[in-house]
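Only one structure is covered here, and it is reproduced in the block below.
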Number of protein chains: 2
Amino acid sequence: MPQPSAPRKTLGRPPRISREEVVTTARRIVDSEGVDRLTMRRLATEIGSTPMALYHHVRNKEELLVLLLDDYAARALHRPELPAQPRERIVVAAAAIHEALAACPWIVEVLTADDLMSASALWFVEQIVDGLVACGLTPERAIQGYRAIWYYTVGEIVVRATAARRRTDDDRPTYRERIFADLDPGELPRLAQAADHWAPLTAEDTYLDGLRAMVDGLLAAR
Amino acid sequence: MPQPSAPRKTLGRPPRISREEVVTTARRIVDSEGVDRLTMRRLATEIGSTPMALYHHVRNKEELLVLLLDDYAARALHRPELPAQPRERIVVAAAAIHEALAACPWIVEVLTADDLMSASALWFVEQIVDGLVACGLTPERAIQGYRAIWYYTVGEIVVRATAARRRTDDDRPTYRERIFADLDPGELPRLAQAADHWAPLTAEDTYLDGLRAMVDGLLAAR
DNA sequence: GCTATTTTCCTTACATGTATAAAAACTTGC
DNA sequence: GCAAGTTTTTATACATGTAAGGAAAATAGC
């Protein structure tokens with residue numbers, strides 16, 4: 001792993017490829033052919049090297065994907081005009097992150113990363129935390145609040161993306177469908193009643209509603 | 001794939017293993033040696049068969065894991081005494097699901113399943129939806145509310161589990177640590193201020209706080 | 001120039017999920 | 001009993017991530 005700060009005149013065999021080149025090439029593959037086509041071998045040949053050489057610049061494939069997400073965030077996250085009102089500021093900042101991530105289908109495998117992803121997302125995090133503080137939360141509470149929002153956001157994206165993947169994967173009846181088919185209306189009346197319109201309901205995009213609810217709830221807890 | 005309803009006197013070569021046997025054996029392996037040791041080959045030899053034979057009883061490994069989760073939920077989800085007050089009922093039901101899932105570390109890979117997982121969890125879902133309706137939400141809103149809670153719950157578990165995995169994987173400095181190390185307090189004051197106690201804060205278990213906030217917010221939206 | 005050291009790269013090998021195609025073990029219709 | 005059809009099982013093969021160990025290419029000390 002190359003040291004970030006190497007003031008020395010470089011010792012050892014000089015590298016022929018760089019971490020940046022690896023990431024850039026990976027990005028090109030993902031952009032043009034989808035994340036499924038990104039294999040270490042493919043990337044290696046594309047870059048004119050061997051698979052194992054990549055592992056000197058990237059810890060493993062997962063780290064490569066995190067770096068890609070990072071790179072993507074830096075390009076896709078444009079800072080919007082934020083409303084002055086703190087509560088709205090929180091909502092808009094979170095929604096901006098959500099929108100960028102949701103537009104990036106391959107992201108799911110990485111999204112489970114620890115909190116705040118890339119450096120370029122930090123500004124949004126700052127806005128959210130600051131908004132929560134401006135609404136009267138203590139700094140600790142504000143951070144916890146941000147995390148709650150982040151959990152909700154990740155959950156929404158991951159669940160929806162997986163559901164979508166499963167749907168295209170296959171056309172046999174889903175587990176869900178079979179379960180809903182034989183619901184006992186005596187024991188589970190609400191679900192039985194909802195059985196028919198469950199699918200359309202879950203297809204709706206209600207991220208914003210949930211987000212607002214979460215923010216309202218966080219602020220009401222003052 | 002065996003038909004659920006096969007009234008006929010069974011046609012074709014009689015099966016030597018059953019889906020149930022596959023799941024049961026898989027469960028034994030996971031329970032005793034962890035989910036990492038569950039490979040299709042290992043499972044096959046354990047069961048006295050060949051890897052590809054399993055694929056006649058289970059669509060693929062992911063489905064096997066879903067079935068395992070199902071099985072786990074059926075055993076681990078005990079219906080608690082629910083409070084009479086609807087708001088508290090929602091919280092307790094959701095917390096019960098969360099507790100069971102969080103106690104099951106291998107679950108993450110499956111947790112991204114479409115909404116409501118196993119049949120045995122449906123009762124909890126019913127309680128949540130019913131509680132929301134009892135608090136005045138329309139049935140549609142109640143289902144959306146349940147889904148928001150589910151997203152939050154999945155996000156919490158997935159993010160925390162992945163963070164934990166990454167931590168044990170490696171002891172090199174995290175991405176997060178490096179980012180926090182050089183925060184610009186001018187641009188990101190809240191984060192810079194929080195940099196030191198970010199790690200302990202994120203280690204805290206605040207699921208319940210976020211859950212209450214979400215529920216409060218959902219109910220306030222009436 | 002020569003050896004030691006350091007860093008990067010390459011070769012080989014393995015475990016894994018699973019696609020494909022053929023074989024095996026049945027029932028049914030004749 | 002035999003051909004056709006159906007379902008399960010097996011054998012073989014491939015793509016993938018990556019571990020292990022050695023080769024290559026540079027610098028540093030002599």
Side-chain angles (χ1 to χ4, degrees), chain A residues 1-22 25-26 29-30 33-68 106 109-110 165-166 169-170 172, chain B residues 1-22 25-26 29-30 33-68 106 109-110 165-166 169-170 172:
Chain A
M1 204 60 50
Q3 295 294 48
S5 59
R8 297 198 281 160
K9 210 189 166 207
T10 76
L11 187 66
R13 175 173 177 166
R16 295 169 55 156
I17 61 181
S18 69
R19 177 180 179 124
E20 206 188 328
E21 191 182 357
V22 171
T25 311
I29 296 178
V30 169
E33 308 182 36
V35 74
D36 288 346
R37 286 295 175 78
L38 179 66
T39 70
M40 297 306 266
R41 284 170 230 264
R42 169 75 198 280
L43 181 53
T45 54
E46 194 91 351
I47 221 174
S49 184
T50 61
M52 291 313 290
L54 304 175
Y55 285 82
H56 262 259
H57 304 271
V58 159
R59 190 177 305 177
N60 49 33
K61 193 178 178 183
E62 190 183 347
E63 188 186 75
L64 173 60
L65 288 174
V66 171
L67 290 173
L68 277 179
W106 54 268
E109 332 188 16
V110 206
R165 179 164 54 82
R166 293 234 173 96
D169 260 17
D170 213 298
R172 273 180 281 184
Chain B
M1 204 63 47
Q3 294 295 47
S5 60
R8 298 197 280 160
K9 209 187 165 208
T10 75
L11 188 65
R13 175 171 178 168
R16 296 168 56 155
I17 60 182
S18 69
R19 178 183 179 120
E20 205 189 327
E21 190 181 358
V22 170
T25 312
I29 296 178
V30 169
E33 308 182 36
V35 74
D36 288 347
R37 285 295 175 78
L38 179 66
T39 71
M40 298 306 266
R41 284 170 229 266
R42 169 73 196 282
L43 181 53
T45 55
E46 195 90 352
I47 220 173
S49 184
T50 61
M52 290 315 290
L54 304 176
Y55 285 83
H56 261 259
H57 305 270
V58 158
R59 189 177 305 175
N60 50 33
K61 192 178 178 184
E62 191 182 346
E63 188 185 74
L64 173 60
L65 288 174
V66 172
L67 290 172
L68 278 179
W106 54 269
E109 333 189 16
V110 207
R165 180 164 54 81
R166 294 236 172 95
D169 260 17
D170 213 299
R172 272 180 281 184

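Reminder, nothing fancy here: chain letters follow the sequence lines and each chain counts from 1.
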### Message
At less than 4.0 Å, is any side-chain N or O atom of A:T50 found next to OP1 or OP2 of C:dT11? Yes or no.
### Response
no
### Task
Report the nucleotide, chosen from D:dT12, C:dT6, D:dT18, that has the shortest atom-to-atom distance to any side-chain atom of B:M52.
D:dT12
### Query
Would you call A:R42 and A:E33 a salt bridge, using N to O less than 4.0 angstrom?
yes
### Query
Under 4.0 Å between a side-chain N or O of B:H57 and OP1 or OP2 of D:dT9?
yes
### Toward the 5' end of DNA chain D, by each residue's nearest nucleotide, B:R16 or A:R16
B:R16
### A:H56 NE2 to D:dA23 P, straight-line distance once rounded to whole Å
16 Å
### Atom pair distance, as rounded to whole Å: CD1 in B:I47 and P in D:dT9
10 Å
### Query
Once you build an axis from the first five pairs and another from the last five of the helix from C:dG1-D:dC30 to C:dC30-D:dG1, how far apart in angle are they, to 10 degrees?
20°
### Nearest non-hydrogen partners of B:K61 and B:L38, listed with the distance
NZ-O, 2.8 Å
### Task
Inspect the surroundings of CD in B:E46 and state if more than 12 heavy atoms from other residues, nucleotides or ligands are less than 6.0 Å away.
yes
#### Entry: Which atom of B:I17 lies closest to which atom of B:S49, heavy atoms considered
CD1-OG, 4.1 Å
Might you list the N or O atoms of the protein lying below 3.5 Å from N or O atoms in nucleotides 13-17 of chain D, with each pair's distance?
{"unit_1": "D:dG17", "atom_1": "OP1", "unit_2": "A:K61", "atom_2": "NZ", "d": "2.6"}
{"unit_1": "D:dG17", "atom_1": "OP2", "unit_2": "A:M40", "atom_2": "N", "d": "2.8"}
{"unit_1": "D:dG17", "atom_1": "N7", "unit_2": "A:R41", "atom_2": "NH2", "d": "2.5"}
{"unit_1": "D:dG17", "atom_1": "O6", "unit_2": "A:R41", "atom_2": "NH2", "d": "2.7"}

### Task
May I ask you to decide if A:V22's main-chain N or O and A:H57's side chain share a donor-acceptor pair within less than 3.5 Å?
no
### Task
Round to the nearest Å and state the distance from A:R13 atom CZ to D:dA25 atom C1'.
5 Å
### Query
For the pair made of CG in B:L11 and P in D:dG5, what is the distance, rounded to whole Å?
12 Å
### Message
Show the nearest heavy-atom pair for residues A:A26 and A:L64, with the distance to one decimal.
### Response
CB-CD1, 4.0 Å
### Query
C:dT7 C1' sits how many Å from A:I17 CD1, rounded?
13 Å
### Message
Distance check, rounded to the nearest 0.5 Å: A:R19 atom CZ versus A:L54 atom CG?
### Response
12.5 Å
### Query
Which heavy-atom pair separates A:D36 from A:T39 by the least distance, and what is that distance?
O-CG2, 4.2 Å
### Message
For B:A44 versus B:P51, what's the shortest heavy-atom pair and its separation?
### Response
CB-N, 3.4 Å
